[in-house]
Amino acid sequence: MLEGKTIISTRPISSDDQIGIALEALGVHVIHCPVIEIQPVQVPLEILYEVLNAANHNWLVFTSSNGVDHFFNQIEKSGIKIQSFKIAVFGNRTAEALASRGHEANLINAENSSADLLKDLLAVLGPADRVLLILGRQASDLIMQGLKNKVQVDRIDVYETLSLAIKNKEIVDLLENGRYDLILFTSPTGYRSFKQQAGPLLDLDKLKIACLGPTTQKELLLDGLRPNVMAKPSGKNGLIKELEEYFERIHN
């Protein structure tokens with residue numbers, strides 16, 4: 001059902017693009033149009049020592065594999081030893097990134113939304129727990145605000161998302177003339193970057209959109225855009241399932 005379809009992916013370029021690899025294996029023509037890039041945010045060494053003191057925090061929370069990678073990159077360079085923390089993560093992809101660093105998640109939220117992870121955390125945390133959120137600079141404060149009345153909670157940002165210019169003008173032409181099947185947005189920041197650059201050139205209301213989860217969908221809805229496809233659950237497998245069902249519907 002997916003073979004021969006053209007999907008424009010706005011994800012950052014990565015050697016570990018599991019979604020792009022999986023789609024291409026199913027015969028999809030994936031056109032890469034990265035509109036954001038991920039850069040590390042250096043956390044001062046004294047702050048790393050402070051936040052990783054077991055007396056200050058006993059839970060670590062990661063909301064993305066980017067957070068895992070950039071956090072552990074800094075930890076490994078610093079020589080700081082990770083002590084016995086409990087760890088909560090969004091989704092299996094983040095849990096896999098954590099496992100690749102030699103750590104196992106105690107709590108895995110499969111829905112990949114801040115609200116769902118917050119609900120899971122509130123169910124297991126007690127008043128004596130001390131939580132450290134490890135996030136990207138553009139991440140919202142939803143989890144922090146939701147936890148702060150129950151537990152001690154702090155935050156460090158270990159990466160940031162920067163906007164990239166759309167260099168391939170042929171992609172804008174494809175979108176303008178409808179010579180594609182779907183454009184894929186995987187984060188609110190990715191959509192915002194695309195809108196900033198392509199919004200003046202295109203009628204965004206006419207876009208055929210797939211998105212990776214409810215957080216990205218919410219950002220689209222703020223502009224009155226309703227995605228044709230939303231991954232349920234968030235992630236590669238949920239996206240592929242929804243893509244297959246979408247193309248089956250429109251061809252029947």
Side-chain angles (χ1 to χ4, degrees), residues 1-38 64-66 90-97 108-113 116 164 166-195 197-198 201-221 223-252:
M1 187 59 68
L2 297 183
E3 188 170 359
K5 305 302 181 187
T6 296
I7 294 179
I8 298 171
S9 173
T10 61
R11 289 171 58 81
I13 293 294
S14 168
S15 60
D16 189 29
D17 181 6
Q18 294 190 4
I19 291 176
I21 293 169
L23 290 175
E24 288 175 342
L26 292 170
V28 175
H29 178 211
V30 178
I31 298 176
H32 296 282
C33 178
V35 292
I36 55 174
E37 65 176 355
I38 307 300
S64 71
S65 59
N66 285 318
F90 269 176
N92 292 326
R93 179 68 188 91
T94 310
E96 290 168 5
I108 302 173
N109 172 264
E111 297 300 321
N112 268 28
S113 80
D116 289 312
L164 284 179
I166 299 175
K167 296 179 179 178
N168 187 347
K169 301 307 179 184
E170 292 180 4
I171 292 175
V172 175
D173 183 65
L174 290 177
L175 291 165
E176 187 174 19
N177 293 288
R179 298 199 304 273
Y180 71 106
D181 291 290
L182 289 165
I183 182 170
L184 173 63
F185 296 109
T186 59
S187 70
T189 50
Y191 166 67
R192 288 194 293 266
S193 176
F194 175 86
K195 179 178 73 170
Q197 298 171 67
L201 305 174
L202 298 169
D203 184 350
L204 298 181
D205 290 334
K206 293 182 179 179
L207 290 177
K208 296 171 285 186
I209 298 171
C211 69
L212 200 56
T215 305
T216 307
Q217 181 188 47
K218 183 177 179 180
E219 189 71 22
L220 292 162
L221 292 174
D223 283 343
L225 304 181
R226 295 191 174 274
N228 303 74
V229 174
M230 188 191 79
K232 298 177 186 177
S234 299
K236 176 187 68 178
N237 294 334
L239 176 64
I240 289 172
K241 176 179 73 70
E242 294 297 328
L243 288 172
E244 289 174 337
E245 292 180 1
Y246 166 74
F247 286 117
E248 185 176 358
R249 285 196 306 272
I250 66 174
H251 287 301
N252 286 340

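Quick caveat, the model's predicted, so the values are computed rather than measured.
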Practice item. For a side chain to side chain contact (heavy atoms under 4.5 Å, CB included) with Lys236, tell me which candidate from Ile19, Asp17, Leu212, Asn92 qualifies. Key: Ile19
Give me the atom names and distance for the closest heavy-atom approach of [X] to [Y].
X: Thr94; Y: Ser65; result: OG1-N, 3.5 Å
X: Cys211; Y: Leu239; result: O-CD1, 4.2 Å
X: Gly190; Y: Ser187; result: N-OG, 2.9 Å
X: Lys5; Y: His251; result: NZ-NE2, 2.8 Å

**Study point:** Residues in side-chain hydrogen bond (donor to acceptor under 3.5 Å, both in side chains) contact with Asp205, at least two apart in sequence or another chain
**Key:** none
**Study point:** Donor-acceptor under 3.5 Å (Lys208 side chain, Asn228 main chain)
**Key:** no
Check your understanding: Does any N or O in the side chain of Asn168 come within less than 3.5 Å of the main-chain N or O of Glu170, such that one atom is a donor and the other an acceptor?
Key -> yes
Review point. For Gln197 and Ser193, does a side-chain donor sit closer than 3.5 Å to a side-chain acceptor?
Key: yes
Check your understanding: Should we say atom CZ of Arg179 is surrounded by more than 12 heavy atoms from elsewhere, each under 6.0 Å from it?
Key -> yes
Nearest-0.5 Å distance, [atom1] of residue [X] to [atom2] of residue [Y]:
X: Asn177; Y: Leu202; atom1: CG; atom2: CG; result: 10.0 Å
X: Thr6; Y: Leu174; atom1: OG1; atom2: CG; result: 8.0 Å
X: Arg93; Y: Ser64; atom1: CZ; atom2: OG; result: 10.0 Å

Check your understanding: Between Glu242 and Lys232, does at least one N-O distance fall below 4.0 Å, as a salt bridge requires?
Key -> no
Exercise for review: Report the C-alpha distance between Asp181 and Phe247 in whole Å, list the side-chain angles of each, state the deciding distance to 0.1 Å, and finish with yes or no for side-chain contact (heavy atoms from CB on, under 4.5 Å).
Suggested key: CA-CA 9 Å; Asp181 291 290; Phe247 286 117; 3.9 Å; yes
For residues 21-38, which side-chain N or O atoms pair as donor and acceptor with protein atoms under 3.5 Å away, sequence neighbours left out?
none

